[in-house]
Amino acid sequence: MINSVRGFKDIYGKEAKVWEKLEKRLRESFSLWGFEEVRLPILEKTELFQRSIGDTTDIVEKEMYTFLDKSNESVTMRPEGTASIIRFLNEHKLYGPDKILKFFYIGPMFRYERPQKGRLRQFNQAGVELLGDSTPYAEFEVLSLMDNFLESIGIKDRMLFLNNLGCPLCRQQYRKTLLEYLEQNHNLCEDCIRRKNTNPLRVLDCKSETCKETIKNSPKILDFICENCKNHMAKLEELLKMCKIQYQIDPYIVRGLDYYVKTVFEVHAKGLGSQSAILAGGRYDNLSKDLGGYDIPAVGWALGIERTVLLLPENFIEEEYLDIFFIYFNERAEKIILPPLNNLRKKGIKVSYDPSKGSLKSKMRKADKLKSRYVVILGDDEISNGVFILKNMNLGKQITLPLEKLENLEKEI
RNA sequence: GUGAGCGUAGCUCAGUAGGUUAGAGCACAAGGUUGUGGCCCUUGUGGUCGUGGGUUCGAGUCCCAUCGCUCACCCCA
């Protein structure tokens, strides 16, 4: 027996129906907010992710599916979508002055991590990217979309956490101050002693108890950001309040991808165990330029599909049912039944039948299991009399109709 | 990469201080007025107890190894 690869899952049955509906609802919301789909490749050049996500991040350092293809080029199965969007935008020269672009994507991402609840090695994300708008209205657009969507699919126990990391200018000042503070303090865990030098801001979202204590009294980024960043944040908060979008300021949200500036945010939900973030994102104004492309401001987020599915209410999809189940017992009846049955399907009526041997009782049981609303019975007695039986399964009542009525049976139900 | 827990029928699990033919519920199939479903009843199909060693007269039960799953840390959606 060969089993699936660790962290890779089959999705089928009821779960596949849930996914189908969730994707449909996502597309509806994306379209309402004016976002267009991009179907991006799964494989990209490794360099794209090294340069965008950041060389020293965990994702790039130890979680990527990277390999050499047959022409010895290093390629990587995408661990996220944003880098690809930027590559796509520049490759097709889609940007122009004062142009605002809105893209969304849905699809699988790959990270080599130990699987646990809400975390797989192949997982799916739905993401939006709004390009060309440096004002807080960009954040407002993607966050109002987020809020409306999550509300509409019934995810109630959630909270939007918001922070501002400052622009490259003011962050530099904060980074310096924070580093000085951390140097004085010796209560850091091993990881944070290392992080201190590579990316001191990451210390802020360390979960170890001793670090938390240290962080509590650390200088706060929001006290250091420049006028420009402050105004940006204030305007965004004003817009969110205007539309009653709930949020909390959390000065410890840092994000593990290096490309973020100014606004960063995460949506957390109850019921996921320790992987409580279902959606996260922020502003990345310098990413495109840093990759050698347009100088274009950008905001985006990504939603974890698997995590969202775990949170959906039980009644998210309605029960499947069948319109008519046909019961017959021999080839003589089959000749009468199959042509009109085939026509009913062409008319969009959901029908089924069972050509195998079996008693009327067993076929009735089958009809019941398939949740058929009606059953047609055509036995030898009926054929002799030129009629068939139509039974309403919910009412338990049946009527006898002439065989001609099989042609337009949809009128009888 | 680190730690903990768990692997018994398709699914959820029970299996007492190691003892003879390994159980239940659900699901599946057939039957219960030889032409009528759901509820109920009866019967049946289905497991080399993850795998490989070891201890023992005897192992699903104890020990070791191995594989797999789960949760947590880390990190992240």
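The analysis underlying the following values was restricted to heavy atoms, covering all of them including side chains, and did not include hydrogens, waters or symmetry mates. Below, chain A is the first sequence line, B the second, and so on; all start at residue 1. Since the model is a prediction, treat every value here as computed from it, not as a measurement.
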Query raised in the report: Closest heavy-atom contact between A/P200 and A/L179?
Result: CB-CD1, 4.1 Å
Query - Salt-bridge criterion met for A/K14 and A/E320 (N-O under 4.0 Å) - result: no
Query raised in the report: Rounded to the Å, how far apart are A/Y260 OH and B/C76 C1'?
Result: 11 Å
Query raised in the report: Between B/U66 atom C1' and A/N3 atom CG, what is the distance in whole Å?
Result: 16 Å
Report task. Give RNA chain B the dot-bracket treatment, 5' to 3': Watson-Crick (N1-N3 with N6-O4 or O6-N4) or G-U (N1-O2, O6-N3) under 3.5 Å, [ ] crossing, | other strand. Result -> (((((((..((((.....[...)))).(((((.......))))).....(((((..]....))))))))))))....
Query raised in the report: P atom, B/U16 versus B/C57: distance in rounded Å?
Result: 22 Å
Which donor-acceptor pairs under 3.5 Å do the side chains of residues 75-90 of chain A make with protein atoms, sequence neighbours left out?
from	atom 1	to	atom 2	distance (Å)
A/T76	OG1	A/T46	OG1	2.8
A/T76	OG1	A/T66	OG1	2.8
A/R78	NE	A/P108	O	2.8
A/R78	NH1	A/L40	O	3.4
A/R78	NH2	A/P108	O	3.0
A/E80	OE1	A/Y259	OH	2.5
A/E80	OE2	A/A83	N	2.9
A/T82	OG1	A/E129	OE2	2.9
A/S84	OG	A/E44	OE2	3.1
A/R87	NE	A/E91	OE1	3.0
A/R87	NH1	A/E44	OE1	2.9
A/R87	NH1	A/E44	OE2	2.5
A/N90	OD1	A/Y294	N	2.8
A/N90	ND2	A/I86	O	3.0
A/N90	ND2	A/S288	OG	3.2

**Report entry** Donor + acceptor pair across side chains of A/E237, A/Y247 (<3.5 Å)
**Finding:** yes
Query raised in the report: What nucleic acid atoms does A/A367 come within less than 4.0 Å of, heavy atoms only: base, sugar-phosphate, or nothing?
Result: nothing
**Report entry** Span that lies between the P atom of B/A14 and that of B/C62, in whole angstrom
**Finding:** 14 Å
Requested in this report: Please check if any side-chain donor atom of A/N330 sits under 3.5 Å from a side-chain acceptor atom of A/D380, or the reverse.
Outcome: yes
Query raised in the report: What's the shortest heavy-atom distance between A/S372 and A/F325, and which atoms?
Result: OG-N, 3.1 Å
Query raised in the report: Would you say the ring centroid of A/F104 lies under 6.0 angstrom from that of A/F35?
Result: no
**Report entry** Protein proximity profile, nucleotides 33-51 of chain B - base contact B, sugar-phosphate-only contact S, no contact -, cut-off 4.0 Å on heavy atoms
**Finding:** --BBBB-------------
Query - A/K62 charged N/C atom sitting above A/Y112 aromatic ring, 6.0 Å / 45° - result: no
Report summary line: Rounded to whole Å, the CG-C1' distance (A/L272 to B/A72) equals 15 Å
Query - Whole-Å C1' distance, B/G47 and B/U33 - result: 38 Å
Requested in this report: Please state whether the phosphate of B/C74, meaning OP1 or OP2, lies under 4.0 angstrom from any side-chain nitrogen or oxygen of A/R114.
Outcome: no
Report task. Could you work out the separation of B/A59 and B/U20 based on their C1' atoms and round it to a whole Å? Result -> 13 Å
Report summary line: A/L26 atom CG is separated from B/A77 atom P, nearest whole Å, by 17 Å
Query raised in the report: Within the structure shown, what part of the strands sits under 4.0 Å from A/Q275 by heavy-atom distance: base, sugar-phosphate, or nothing?
Result: base
Query raised in the report: On a whole-Å scale, what distance lies between the P atoms belonging to B/G35 and B/C39?
Result: 23 Å
Report task. Assign A/G118 to base, sugar-phosphate, or nothing according to its heavy-atom contacts below 4.0 angstrom with the strands shown. Result -> base
Requested in this report: Before giving the answer on side-chain hydrogen bond (donor to acceptor under 3.5 Å, both in side chains), spell out for A/R175 and A/Q172 the whole-Å C-alpha distance, their side-chain angles and the decisive distance to 0.1 Å.
Outcome: CA-CA 5 Å; A/R175 194 184 149 117; A/Q172 209 55 41; 5.7 Å; no
Query raised in the report: Quick one: is the NZ or CZ of A/R39 closer than 6.0 Å to the six-membered ring centre of A/Y105, and within 45° of its axis?
Result: no
Query - Spacing of the P atoms in B/U51 and B/A22 (rounded, Å) - result: 16 Å
Query raised in the report: What interatomic distance, in whole Å, is found between P of B/G18 and the corresponding atom of B/A9?
Result: 23 Å
Query raised in the report: Which comes earlier along RNA chain B counting from the 5' end, the contact point of A/K62 or that of A/L120, where each point is its nearest nucleotide?
Result: A/K62
Report task. Ignoring backbone atoms, test whether A/Q116 places a side-chain nitrogen or oxygen under 4.0 Å from the OP1 or OP2 oxygen of B/A72. Result -> yes
Query raised in the report: Do A/N124 and A/E306 get their side chains close enough for a donor-acceptor pair, meaning under 3.5 Å?
Result: yes
Query raised in the report: In whole angstrom, what separates A/R119's CZ from B/G1's C1'?
Result: 11 Å
Query raised in the report: Looking for any heavy atom pair under 4.0 Å, which part of the strands does A/T57 touch: base, sugar-phosphate only, or nothing?
Result: nothing
Query - B/G44 versus B/U55 - spacing of their C1' atoms, nearest Å - result: 40 Å
Query raised in the report: Can you tell me how far P of B/C74 sits from CD1 of A/I59, to the nearest Å?
Result: 16 Å
Query raised in the report: Just how far, in rounded Å, is P of B/C76 from CD of A/Q125?
Result: 13 Å
Query raised in the report: A/K117 has an atom NZ; how far is it from atom C1' of B/C69, in whole Å?
Result: 15 Å
**Report entry** Residue whose closest nucleotide on RNA chain B lies nearer the 5' end, A/A302 versus A/S362
**Finding:** A/S362
